[in-house]
Amino acid sequence: MLKVEHLGIAVKDLANSIPLFEQLLNTPCYKTEGVESEGVKTAFFQLGESKIELLEATQNTSPIAKYIEKKGEGIHHIAFEVENIEAEMKRLSALGFEVINEKPKDGADNKLVCFLHPKTTNGVLIELCQEKK
Ligand code: ZN
């Protein structure tokens with residue numbers, strides 16, 4: 001894996017959280033983007049080589065809505081950038097990690113993504129992401 005690409009933070013309301021994180025990080029949000037398949041709206045902040053991604057649910061069935069219901073707002077996932085997402089998915093499932101989706105899917109910010117189930121990663125939801133070429 002190449003680096004921590006971003007940290008995903010679940011929030012109830014982007015309209016409140018974007019200005020809050022702009023103040024906190026002292027840097028403007030450079031992009032907001034909906035990801036229909038996940039039922040979320042995202043907002044991104046660049047911090048050096050890494051990013052912060054805020055996620056707000058747009059549907060009750062969204063994983064983010066369920067997460068906030070159960071645990072409240074907070075850190076939702078860590079995303080690692082990889083060079084070849086399919087190869088990493090194969091490598092990790094062979095080691096016994098549970099890859100949640102069978103194939104990489106379209107994520108926010110021009111990425112192919114997949115997730116590892118927290119039950120095989122010490123409770124941390126892990127996203128693998130690869131820049132789309
Ligand atoms: Zn993410």
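Counting convention: from 1, in listed order, for ligands and their atoms alike. Atom set for the values below is all heavy atoms of this structure, side chains included, hydrogens, waters and symmetry mates excluded.
At least one N/O/S atom of H6, from backbone or side chain, sits under 2.8 Å from the Zn ion (ligand 1). The nearest N, O or S atom of E5 is not closer to the Zn ion (ligand 1) than 2.8 Å. In summary, C129 places no N/O/S atom under 2.8 Å from the Zn ion (ligand 1), failing the contact criterion.
The name of the N, O or S atom in E53 nearest to the Zn ion (ligand 1) is OE1. Sorting the N, O or S atoms of E127 by how far they are from the Zn ion (ligand 1) puts OE1 first.
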| message | side-chain hydrogen bond (donor to acceptor under 3.5 Å, both in side chains) for E81 and H6? Distances and angles first, verdict last. | response | CA-CA 9 Å; E81 180 161 35; H6 64 267; over 6 Å; no
| request: Starting from the C-alpha separation in whole Å, work towards a yes-or-no answer on salt bridge (Lys or Arg N to Asp or Glu O under 4.0 Å) for K41 and E33. | output: CA-CA 6 Å; K41 220 163 75 182; E33 185 181 351; over 6 Å; no
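One hydrophobic cluster, built from ILVMFWY side chains closer than 4.5 Å, cannot hold both F21 and L55; they sit in different ones.
When all heavy atoms are compared, the tightest approach of V11 to I68 is O-CD1, 3.3 Å.
A donor atom on one side chain and an acceptor atom on the other are found under 3.5 Å apart for H77 and E53.
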